[in-house]
Amino acid sequence: MLQRLFLGFAPTSIQRQQLLQLQQSLRSQLAPNAKAVTQNNLHLTLAFLGLVNPTQVAQLLDGVDKLAKPQFSVTLNSIAVWPKAQVCCLKGESISPELALLASQAQDLAQKLQLHLSEHPFRPHISLFRKAKPSATLASELTLKELVQQKVIQASMLELTLAPEQLHLYLSTNGGRGVEYQILHSWPLA
């Protein structure tokens with residue numbers, strides 16, 4: 001059986017609450033059909049792997065076991081709407097050497113196992129809405145600080161810094177309540 005998998009990092013419960021507040025602030029700036037990502041699905045993707053067969057899953061687990069998994073932090077401080085993907089996300093520009101190493105190793109492993117390879121360079125982000133289209137306010141990328149200055153959002157958060165302690169392998173399933181992500185395996189970052 002094929003499973004739809006990706007590697008990623010989970011925000012803390014406090015950060016999830018901050019992200020939900022940010023979603024509420026942005027909702028009025030997006031088309032009504034934009035769908036907020038549910039609290040349990042909020043994550044930062046390291047590598048989307050696509051459909052994976054059981055043999056590849058075993059090879060993937062073994063391969064990730066062998067990767068260097070350094071701790072890192074990443075600061076996300078801009079809102080962007082990506083029209084092609086129809087995603088509104090919180091993103092960051094700065095990528096630490098440790099995070100860059102993890103992203104590179106994940107793509108190398110995906111290539112070795114003949115899994116999905118990203119067509120874009122790694123961009124750290126957390127998707128906040130799906131089916132999102134640019135609006136007058138969110139036609140271009142804006143920092144949270146700019147959105148506060150324009151009174152689009154309240155000053156509860158000007159940036160979000162993730163410093164995860166674990167790398168997760170997620171399973172994406174499409175159930176009766178829409179897409180749900182489940183953590184299948186976790187590795188500590190050291």
Mind checking the [atom1]-[atom2] spacing from [X] to [Y]? Nearest 0.5 Å is all I need.
{"X": "C89", "Y": "I126", "atom1": "SG", "atom2": "CD1", "value": "9.5 Å"}
{"X": "M157", "Y": "N77", "atom1": "CE", "atom2": "CG", "value": "10.0 Å"}
{"X": "S172", "Y": "L5", "atom1": "OG", "atom2": "CG", "value": "9.0 Å"}
{"X": "T55", "Y": "L113", "atom1": "OG1", "atom2": "CG", "value": "11.0 Å"}
{"X": "R16", "Y": "Q39", "atom1": "CZ", "atom2": "CD", "value": "6.5 Å"}
{"X": "E93", "Y": "T143", "atom1": "CD", "atom2": "OG1", "value": "11.0 Å"}

Look at E141 together with K91 and state whether they make a salt bridge at an N to O cut-off of under 4.0 Å.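 Here E141 pairs with K91 in a salt bridge, since their nearest N and O are under 4.0 Å apart.
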If hydrophobic clusters are built from ILVMFWY residues whose side chains come within less than 4.5 Å, do [X] and [Y] share one?
{"X": "L22", "Y": "V37", "value": "yes"}
{"X": "L115", "Y": "L184", "value": "yes"}
{"X": "Y181", "Y": "I183", "value": "yes"}
{"X": "W82", "Y": "F6", "value": "no"}
{"X": "L51", "Y": "L60", "value": "no"}

Minimum heavy-atom distance [X]-[Y], with the two atoms named:
{"X": "G92", "Y": "L76", "value": "N-CD2, 3.4 Å"}
{"X": "L144", "Y": "E159", "value": "CD1-N, 3.8 Å"}
{"X": "I95", "Y": "A100", "value": "CG2-N, 3.6 Å"}
{"X": "S127", "Y": "L42", "value": "O-CD2, 3.6 Å"}
{"X": "L109", "Y": "G63", "value": "CD2-C, 3.8 Å"}
{"X": "A106", "Y": "L46", "value": "CB-CD2, 4.0 Å"}

Quick one: does [X]'s side chain get under 4.5 Å of [Y]'s, heavy atoms only?
{"X": "N33", "Y": "K133", "answer": "yes"}
{"X": "E165", "Y": "L189", "answer": "no"}
{"X": "V152", "Y": "Q29", "answer": "yes"}
{"X": "Q23", "Y": "F129", "answer": "yes"}
{"X": "L102", "Y": "F122", "answer": "no"}
{"X": "D62", "Y": "Q59", "answer": "no"}
{"X": "L26", "Y": "I153", "answer": "yes"}
{"X": "L49", "Y": "H116", "answer": "no"}

Applying side-chain contact (heavy atoms from CB on, under 4.5 Å) to L167 and F9, what does each step give before you reach the verdict? CA-CA 5 Å; L167 169 64; F9 307 98; 3.7 Å; yes
Polar contact flag, side-chain donor to acceptor under 3.5 angstrom, T161-T75: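 Yes, a side-chain donor-acceptor pair sits under 3.5 Å.
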Do Q105 and D108 meet the criterion of a side-chain donor-acceptor pair at a distance under 3.5 Å? no
Verify side-chain contact (heavy atoms from CB on, under 4.5 Å) between C88 and I79, making sure each step is shown before the conclusion. CA-CA 7 Å; C88 173; I79 296 293; 3.8 Å; yes
Determine the interplanar angle of the Y170 and H43 rings, folded into 0 to 90°, and report it as parallel if under 30°, tilted if 30 to 60°, perpendicular if over 60°. tilted
L67 vs L101, test: side-chain contact (heavy atoms from CB on, under 4.5 Å). Steps then yes/no. CA-CA 10 Å; L67 297 181; L101 173 66; over 6 Å; no
side-chain contact (heavy atoms from CB on, under 4.5 Å) between L162 and L44: does it pass, once the steps are laid out? CA-CA 9 Å; L162 289 180; L44 188 147; 3.7 Å; yes
Where the side chain of [X] meets the backbone of [Y], is there a donor-acceptor pair that is under 3.5 Å apart?
{"X": "K151", "Y": "L147", "answer": "no"}
{"X": "H120", "Y": "S118", "answer": "no"}
{"X": "Q15", "Y": "T12", "answer": "yes"}
{"X": "T45", "Y": "F48", "answer": "no"}

Would you say Q114 has more than 12 foreign heavy atoms packed within less than 6.0 Å of its CD? no
How about CD on Q111, more than 12 heavy atoms from neighbouring residues, nucleotides or ligands closer than 6.0 Å, or not?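 No, the 6.0 Å shell around CD holds no more than 12 heavy atoms from other groups.
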Run the side chain to side chain donor-acceptor pair (under 3.5 Å) check on N53 and Q56 step by step: do they pass? CA-CA 5 Å; N53 67 45; Q56 290 169 314; 3.1 Å; yes
Would T173 and E180 count as a side chain to side chain donor-acceptor pair (under 3.5 Å) here? Give the steps. CA-CA 5 Å; T173 57; E180 293 182 7; 4.9 Å; no
Is the ring centre of W187 less than 6.0 Å from the ring centre of H168?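 Between W187 and H168, the centre distance exceeds or equals 6.0 Å.
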